[in-house]
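Data first, discussion second: the structure below is written as structure tokens.
Per chain, numbering begins at 1; letters A, B, ... match sequence-line order.
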There are 2 protein chains.
Amino acid sequence: MLAKSSTEIVRQQNSGLVLAQLRRHGPLSHTELSDRTGLSSATVSAITAELERHQVIERQEQAPPAGRGRPRVSFTQRRECGYLIAVRISSDQLEYSLVDYGGTLIDRLEETRRGQDEARSFASALRNTIERLCERSSLSLGEIRVVSISSKGLVDPLQPVLLWSPVFGDVSVDFSAIRGGGLEPDILLSNETRLVAGALARIVERQADERGTLPPRALCALSLGHGIGLGIAHLDPSGEYQVAAPDFGHMLHLANGGLCRCGSIGCIEATAGFYGILRTAFEVPSDTIPARFVPIIEMEKLAANARRGDRQAQFAFRQAGLALGQGLGRMQSLNEKMPVYFTGPGVRFYDLMERGLMEGLGQSRAIRREGMPELHIILDETALVFAGHLDLALGHMDRTAISASQE
Amino acid sequence: MLAKSSTEIVRQQNSGLVLAQLRRHGPLSHTELSDRTGLSSATVSAITAELERHQVIERQEQAPPAGRGRPRVSFTQRRECGYLIAVRISSDQLEYSLVDYGGTLIDRLEETRRGQDEARSFASALRNTIERLCERSSLSLGEIRVVSISSKGLVDPLQPVLLWSPVFGDVSVDFSAIRGGGLEPDILLSNETRLVAGALARIVERQADERGTLPPRALCALSLGHGIGLGIAHLDPSGEYQVAAPDFGHMLHLANGGLCRCGSIGCIEATAGFYGILRTAFEVPSDTIPARFVPIIEMEKLAANARRGDRQAQFAFRQAGLALGQGLGRMQSLNEKMPVYFTGPGVRFYDLMERGLMEGLGQSRAIRREGMPELHIILDETALVFAGHLDLALGHMDRTAISASQE
DNA sequence: AATGTTTTTCTCGACAGTCGAGAAAATAAA
DNA sequence: TTTATTTTCTCGACTGTCGAGAAAAACATT
């Protein structure tokens with residue numbers, strides 16, 4: 001059912017527009033804001049005045065008067081308006097980043113995982129580190145407005161609960177437990193590849209904007225590693241990208257396929273993940289319980305063998321490509337044609353998987369109809385994950401900026 | 001990028017709300033409208049006055065004064081405000097329905113398909129029939145505001161172009177050619193099962209409304225017949241259902257599966273469609289060009305055999321169920337858990353497919369994680385297709401009501 | 001028949017938001 | 001110092017929503 005509308009919502013929407021432009025296109029003056037948003041000059045005045053009053057934005061004092069006339073005064077977000085902490089959970093470490101409202105990295109901290117953490121105490125351990133991070137930069141806990149957490153695995157779409165992850169398996173982790181004692185941030189939990197897709201969506205949006213072309217209606221990021229992650233960004237009717245991270249790695253590839261670390265049989269990951277590739281390469285029975293961790297050096301060795309002509313190694317990579325191709329083809333049958341961006345440590349074996357990938361893609365009617373999707377390779381996944389964190393968390397702060405400062 | 005907002009858009013949105021309530025919950029009085037929409041009494045007055053002025057709604061004269069107090073006056077849509085024609089294209093006939101803005105069926109006309117129609121001249125033939133329909137009810141062509149067309153097959157998401165259909169195959173049909181000479185309707189082309197899913201979404205929405213429960217976040221309709229159609233409805237952030245009809249029937253089932261009538265190999269439909277089932281049952285080589293049409297009586301005979309114990313017939317239905325189950329499981333890996341509504345002529349063989357279906361579903365990690373989806377059987381597909389036409393076309397007319405009457 | 005009760009609908013003034021036009025401000029050039 | 005130019009701000013008009021209370025239209029009571 002439709003929701004009722006009101007003039008206040010109009011203001012909220014248009015304030016959001018102003019903040020979004022400010023975030024994406026650096027400091028902007030009154031006139032530039034008016035041009036970019038399409039709002040009238042008078043409206044921009046009203047909105048910037050309100051945002052200034054709430055100390056969300058501020059005027060940049062330095063003015064390099066370019067030409068004649070009254071010099072422009074630029075607005076920027078007030079960096080101290082609020083802070084976010086991005087936490088990236090990976091199999092071997094935890095990376096914490098403290099970032100201000102302007103998007104500037106203030107502090108970073110890495111913890112190597114000590115063996116197996118308790119899923120139960122994990123949230124409180126995380127909270128401790130957040131406290132430490134705040135102390136180091138002498139911030140009060142109340143100034144942390146958003147904690148954005150990412151992990152590989154499956155995430156509850158409504159609550160900050162990690163349902164399945166390579167680290168904790170089926171033991172779910174509820175991150176709302178980090179709240180309390182002055183720390184009351186909004187908590188955003190995302191699948192890691194979802195963040196990559198979100199960051200890519202922002203990038204292609206900007207490119208389309210600069211070139212004056214239409215942004216693509218959808219795109220996806222496919223992260224290759226020990227497991228397989230997929231993030232899809234879709235342009236919704238309002239012109240915003242909606243990003244989701246379905247459980248692609250555990251989509252059924254073959255009913256009589258290999259045993260997956262999730263306990264099911266025939267998942268894509270069980271053939272295309274690192275452990276699946278190794279299992280095929282060394283002709284280990286496919287119902288063998290897969291290795292929990294494979295050093296990348298092992299994969300490099302295998303790839304070297306394959307490139308040197310080892311048939312069984314080549315076969316393993318091709319089977320992986322085939323599984324990915326068939327999966328992507330199936331995804332394209334259920335969605336529309338979209339470019340695919342490969343990321344993750346596995347992309348360095350892309351050459352070995354390419355033949356299988358093409359074969360698998362070609363088997364889908366959807367691909368044969370609409371043609372091969374654009375395929376891109378992205379090497380720096382880490383940067384995109386961080387960009388995705390910022391995009392998500394800062395966007396969230398923008399949307400809640402006025403209401404949050406009213407308290 | 002976000003869109004700018006304004007007070008006019010607020011009015012448009014709220015007018016839409018009023019019209020939507022009027023459509024869904026019969027004639028409503030001023031107070032009822034205010035209650036249902038959440039708008040203030042004053043706003044309802046302003047909106048109804050405007051809609052009356054534009055002759056979109058009118059007061060119902062008859063007043064049965066229930067109790068004390070000033071009697072309520074009910075508003076209804078003005079039936080003569082505009083008309084829509086729904087065209088259902090099926091393999092053996094064309095069904096035209098002329099409906100007024102109030103949703104009342106005025107005239108219906110059926111044409112049996114004469115052999116194979118020309119794809120090129122099809123739009124103009126359709127236009128001729130529309131003209132005939134208008135004459136019979138002495139309406140001018142200009143009063144037809146929407147033509148809503150449905151077919152099985154694949155539809156362009158942006159234009160009224162049929163990309164692939166069982167009737168015309170890969171020869172695409174552009175329905176915008178029916179316009180001209182006073183006939184300038186908006187043309188809505190939908191996959192048939194998309195309409196079913198849309199109608200179901202409206203039904204469950206109403207049920208949830210009456211029971212005071214939350215509507216399901218998603219649902220899908222799976223139409224079983226000569227081909228396989230899928231429609232998915234998703235609750236979007238604004239609370240509206242977005243409906244899509246992906247090419248599920250031609251999603252890859254098995255890389256070395258049967259030849260599909262689309263020319264690809266291993267599509268779901270090539271195993272689970274009627275022709276696929278027959279091919280398996282009679283052990284015809286799976287690369288045989290499939291029959292263009294299978295009389296339902298043939299399927300009934302086969303089903304009777306299966307129920308009598310014919311192993312090969314049983315096997316064929318079970319394989320069909322398996323293909324559907326695996327496909328649905330894969331879909332659920334890429335979406336969230338959602339109830340499945342089976343429709344179409346094939347549901348009468350549901351009992352024979354059930355075992356395979358369950359087996360196929362159970363192979364997906366997503367189903368094992370989240371549990372089996374609710375499975376429902378809907379017998380009257382025709383009614384749902386018509387309801388979907390009305391829902392889509394009348395909703396469209398509501399949204400364009402004010403602007404259209406301003407000309 | 002006149003008056004009160006009750007319920008519904010309508011109207012009025014206040015408030016929030018946007019917009020266009022033009023005033024005011026601030027600077028470089030003349 | 002004056003003029004030209006560019007940017008920013010302000011004012012009044014317009015559209016929209018809302019709450020409160022007036023007006024309307026019926027039944028009930030005296």
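- Look at CZ on B:Arg53: it is 14 Å from P on C:dC10, rounded to the nearest Å.
- Taking B:Arg53 as the reference, nothing meets the salt bridge (charged side-chain N to carboxylate O under 4.0 Å, His left out) condition, with sequence neighbours excluded.
- Rounded to 10°, the helix from C:dA1-D:dT30 to C:dA30-D:dT1 has 40° between the axis fitted to its first five pairs and the one fitted to its last five.
- Of all the heavy atoms in A:Gly388 and A:Ala199, the pair that sits closest is N-CB, 3.7 Å.
- A:Ser45 comes within 4.0 angstrom of a nucleotide base, judged by non-hydrogen atoms across all strands.
- Comparing D:dT7, D:dC18, C:dT5 against the side chain of B:Ser40 picks out D:dC18 as the nearest.
- With rounding to whole Å, B:Glu50 atom CD is found 9 Å from D:dT17 atom P.
- The salt bridge (charged side-chain N to carboxylate O under 4.0 Å, His left out) search around A:Asp209 returns A:Arg36, not counting sequence neighbours.
- Atoms CD (A:Gln12) and P (D:dT17) sit 17 Å apart, rounded to a whole Å.
- OP1 or OP2 of C:dT18 has at least one side-chain nitrogen or oxygen of A:Asn14 nearer than 4.0 Å.
- Atom CG in A:Leu28 sits about 15 Å away from atom C1' in D:dT7, given to the nearest Å.
- Comparing A:His30 and B:Thr7, the nucleotide of DNA chain D nearest to each residue sits closer to the 5' end for A:His30.
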List every contact pair, protein side and nucleotides 21-24 of chain C side both N or O, where the distance is under 3.5 Å.
none

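- Atom CD1 of A:Ile57 and atom OG of A:Ser74 lie 11.0 Å apart (nearest 0.5 Å).
- Atom pair B:Ile47:CD1 and C:dC10:P shows a separation of 14 Å (rounding to whole Å applied).
- Closest approach to the B:Arg11 side chain among D:dC18, C:dT9, D:dG16 is made by D:dG16 (side chain taken as heavy atoms from C-beta onward).
- Judged by distance alone, with hydrogens and angles left aside, the side-chain atoms of B:Thr400 form a donor-acceptor pair with the main-chain N or O of B:His396 at under 3.5 Å.
- When each of D:dT5, D:dA25, D:dT17 is scored by its nearest atom to the side-chain atoms of A:Arg68, the top-ranked nucleotide is D:dT5.
- Atom-to-atom, CG of A:Leu17 to P of C:dT18 comes out at 11 Å; the value is rounded to the nearest Å.
- Across the protein-nucleic acid pair, B:Arg72 atom CZ and C:dT8 atom P stand 4 Å apart, rounded to whole Å.
- Without hydrogens or angle criteria, B:Ser34 side chain to B:His30 main chain gives no donor-acceptor distance under 3.5 Å.
- By the salt bridge (charged side-chain N to carboxylate O under 4.0 Å, His left out) test, A:Arg79 is found to be paired with A:Asp100, residues two or more places apart in sequence or in another chain being considered.
- In this view, B:Asp107 and B:Arg136 satisfy the salt bridge (charged side-chain N to carboxylate O under 4.0 Å, His left out) rule, not counting sequence neighbours.
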